Asks: 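What follows is a structure written as structure tokens; I'll ask about it next.
Quantities reported herein were computed from a predicted structural model and do not represent experimental measurements. Any value given below was found using the heavy atoms of this structure, including those in side chains, with hydrogens, waters and symmetry copies removed. Residue numbers run from 1 in the order of the sequence given.
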Amino acid sequence: MASQNMDPAAATSSTALKGSETGGSAARGSVSKRLQQELMTLMMSGDKGISAFPESDNLFKWIGTIDGAQGTVYEGLRYKLSLEFPSGYPYKSPRVKFITPCYHPNVDEHGFICLDILKEKWSALYDVRSILLSIQSLLGEPNNESPMNAGAAELWENQEAYKAHLHTTYKN
């Protein structure tokens with residue numbers, strides 16, 4: 001039984017692909033097709049508070065936006081993210097980080113996100129929409145067991161103080 005994280009191109013004979021430009025461009029073409037499909041799915045989904053589009057005409061680099069979910073300390077705030085897709089996508093996870101500074105227990109000072117589906121729990125079944133929805137959910141429900149920002153994790157216990165700090169440091 002094939003794994004959903006196994007790249008079929010990698011499963012073929014490596015000697016057949018060695019030195020072959022067509023192998024690389026065919027793989028890149030299938031990634032482009034997948035990303036175009038995901039863009040259409042995202043545009044048609046009607047999900048509130050998330051969006052993403054390719055940066056200029058590079059289909060492998062996107063800019064995403066996430067609005068803080070209602071009822072959380074992030075409500076009313078909007079964050080920009082960068083998404084970079086490797087040539088092995090969807091079998092390899094994209095590199096996702098916040099462009100807008102984000103004060104959060106699971107986000108470091110450089111905008112990198114500690115989220116299992118972007119690391120060891122990645123699956124080729126995930127798409128841009130599920131990534132953005134997961135990050136939006138993470139904003140309101142951090143994993144304080146493995147914080148990247150210990151100060152934010154500690155302050156999280158006091159939601160009023162956290163929200164006050166968040167709104168004084170937020171820059172759109």
Side-chain angles (χ1 to χ4, degrees), residues 5 31 34-36 38-172:
N5 285 332
V31 174
R34 162 85 184 233
L35 289 171
Q36 288 170 339
E38 290 191 27
L39 180 58
M40 288 305 294
T41 301
L42 191 60
M43 288 168 54
M44 303 302 279
S45 71
D47 291 311
K48 297 228 184 292
I50 63 165
S51 68
F53 297 94
E55 188 179 296
S56 65
D57 55 355
N58 183 354
L59 200 54
F60 287 76
K61 282 187 87 171
W62 291 25
I63 298 294
T65 59
I66 293 178
D67 294 341
Q70 289 185 348
T72 71
V73 293
Y74 291 91
E75 183 176 353
L77 304 181
R78 174 170 284 173
Y79 292 91
K80 267 189 178 176
L81 299 103
S82 70
L83 298 92
E84 293 181 27
F85 300 92
S87 59
Y89 182 79
Y91 306 102
K92 292 182 179 157
S93 66
R95 183 172 169 239
V96 183
K97 66 179 263 189
F98 280 92
I99 297 171
T100 308
C102 181
Y103 185 74
H104 188 274
N106 304 118
V107 179
D108 73 10
E109 67 274 6
H110 304 291
F112 291 105
I113 307 160
C114 181
L115 182 60
D116 59 357
I117 70 158
L118 294 176
K119 308 267 188 272
E120 72 280 354
K121 300 267 191 208
W122 174 254
S123 165
L125 300 174
Y126 292 126
D127 60 7
V128 174
R129 179 179 174 270
S130 60
I131 292 167
L132 294 175
L133 288 171
S134 294
I135 295 170
Q136 186 182 47
S137 175
L138 180 71
L139 284 178
E141 300 171 25
N143 176 2
N144 276 340
E145 301 303 308
S146 62
M148 292 180 86
N149 180 335
E154 197 173 303
L155 191 56
W156 183 259
E157 302 308 315
N158 181 343
Q159 289 285 282
E160 221 170 276
Y162 189 95
K163 185 174 183 173
H165 179 78
L166 186 62
H167 285 267
T168 58
T169 59
Y170 174 78
K171 292 173 186 69
N172 190 1

Asks: Can you tell me if Glu154 has over 12 outside heavy atoms packed within less than 6.0 Å of its CD?
Replies: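 Counting other residues, nucleotides and ligands, CD of Glu154 stays at 12 neighbours or fewer.
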Asks: How close do Ser87 and Val31 get, heavy atom to heavy atom, and via which atoms?
Replies: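 Taking Ser87 first and Val31 second, the nearest heavy atoms are O-CG2, 3.1 Å.
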Asks: Nearest heavy-atom pair of Lys80 and Thr100: which atoms, and what distance?
Replies: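 Residues Lys80 and Thr100, closest heavy atoms: N-OG1, 2.8 Å.
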Asks: Let me have the donor-acceptor pairs involving side chains of residues 141-148, under 3.5 Å, with sequence neighbours excluded, atom names and distances please.
Replies:
unit_1 : atom_1 : unit_2 : atom_2 : d
Asn143 : OD1    : Glu145 : N      : 2.9
Asn143 : ND2    : Ser146 : OG     : 3.4

Asks: So, for Arg34 and Pro90, which heavy atoms are closest and what is the spacing to 0.1 Å?
Replies: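 In terms of heavy atoms, the two residues are closest at NH1-CG, 3.1 Å.
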Asks: Could you measure the distance from the CD atom of Glu120 to the CG atom of Leu115? Nearest 0.5 Å is fine.
Replies: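 So the CD of Glu120 and the CG of Leu115 are separated by 9.0 Å.
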Asks: Does atom CD of Glu75 have more than 12 heavy-atom neighbours from other groups under 6.0 Å away?
Replies: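 More than 12 heavy atoms, drawn from other residues, nucleotides or ligands, come within 6.0 Å of this atom.
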Asks: Just how far is it from atom CD of Glu38 to atom OH of Tyr89, taken to the nearest 0.5 Å?
Replies: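 Going from CD on Glu38 over to OH on Tyr89, the span is 3.0 Å.
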Asks: Using modelled atom types only, decide if a donor and an acceptor are shared between the side chain of Trp122 and the backbone of Pro94 within a distance under 3.5 Å.
Replies: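 Checking the backbone N and O of Pro94 against the side chain of Trp122, no donor-acceptor pair under 3.5 Å is found.
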Asks: Check for a donor-acceptor pair, side chain of Ser93 on one end and backbone N or O of Lys119 on the other, with a separation under 3.5 Å.
Replies: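 Flag not set: sc Ser93 to bb Lys119 has no pair under 3.5 Å.
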Asks: Considering only heavy atoms from C-beta outward, does the side chain of Leu81 approach that of Ile113 to under 4.5 Å?
Replies: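 Yes. Closest side-chain heavy atoms under 4.5 Å.
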Asks: Would you please say whether a donor-acceptor pair under 3.5 Å links the side chains of Tyr170 and Tyr79?
Replies: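 Result is no, nothing qualifies.
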Asks: In Å and rounded to the nearest 0.5 Å, what is the CG to CD1 distance from Leu125 to Ile117?
Replies: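 Answer for the CG-CD1 pair, Leu125 versus Ile117, is 11.5 Å.
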Asks: Checking Glu55 against Leu83 for the side chain to side chain contact (heavy atoms under 4.5 Å, CB included) test, could you report, in this order, the C-alpha distance in whole Å, the side-chain angles of both residues, the deciding distance, and whether it holds?
Replies: CA-CA 9 Å; Glu55 188 179 296; Leu83 298 92; over 6 Å; no
Asks: Considering all heavy atoms of both residues, which atom of Ala152 and which atom of Tyr162 are nearest to each other, and what is their separation?
Replies: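 Where Ala152 meets Tyr162 most closely, the heavy atoms are O-CE1, 3.4 Å.
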Asks: What residues form a side-chain hydrogen bond (donor to acceptor under 3.5 Å, both in side chains) with Tyr126, not counting sequence neighbours?
Replies: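 Expected list: none.
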Asks: Below 3.5 Å, can you tabulate the donor-acceptor pairs from side chains in residues 129-140 to any protein atom, sequence neighbours excluded?
Replies:
unit_1 : atom_1 : unit_2 : atom_2 : d
Arg129 : NE     : Asp47  : OD2    : 2.4
Arg129 : NH2    : Asp47  : OD1    : 3.2
Arg129 : NH2    : Asp47  : OD2    : 3.3
Ser130 : OG     : Asp127 : N      : 2.9
Ser130 : OG     : Asp127 : O      : 2.9
Ser130 : OG     : Asp127 : OD1    : 3.1
Ser134 : OG     : Ser130 : O      : 2.8
Gln136 : NE2    : Asp67  : O      : 2.9

Asks: Can you tell me how far apart CG (Leu166) and SG (Cys102) are? Round to the nearest 0.5 Å.
Replies: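 Answer for the CG-SG pair, Leu166 versus Cys102, is 7.5 Å.
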Asks: Please find the pair of heavy atoms, one from Ser51 and one from Leu42, that lie closest to each other, and give the distance.
Replies: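 In this case the closest contact between Ser51 and Leu42 is C-CD2, 4.2 Å.
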Asks: Looking only at non-hydrogen atoms, find the nearest pair between Pro54 and Leu39 and report the distance.
Replies: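 Closest approach of Pro54 to Leu39: CD-CD2, 3.8 Å.
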Asks: Would a line drawn from the ring center of Tyr74 to the ring center of His104 be shorter than 6.0 Å?
Replies: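 Here the rings of His104 and Tyr74 have centres that are less than 6.0 Å from each other.
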Asks: Take atom NZ of Lys61 as the centre, draw a 6.0 Å sphere, and report whether it contains more than 12 heavy atoms from other residues, nucleotides or ligands.
Replies: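 Counting other residues, nucleotides and ligands, NZ of Lys61 stays at 12 neighbours or fewer.
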Asks: Out of curiosity, Tyr103 OH to Glu109 CD, how far, rounded to the nearest 0.5 Å?
Replies: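 Answer for the OH-CD pair, Tyr103 versus Glu109, is 12.5 Å.
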Asks: Output the distance between atom CZ (Phe98) and atom CD1 (Ile66), rounded to the nearest 0.5 Å.
Replies: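 The distance works out to 5.5 Å.
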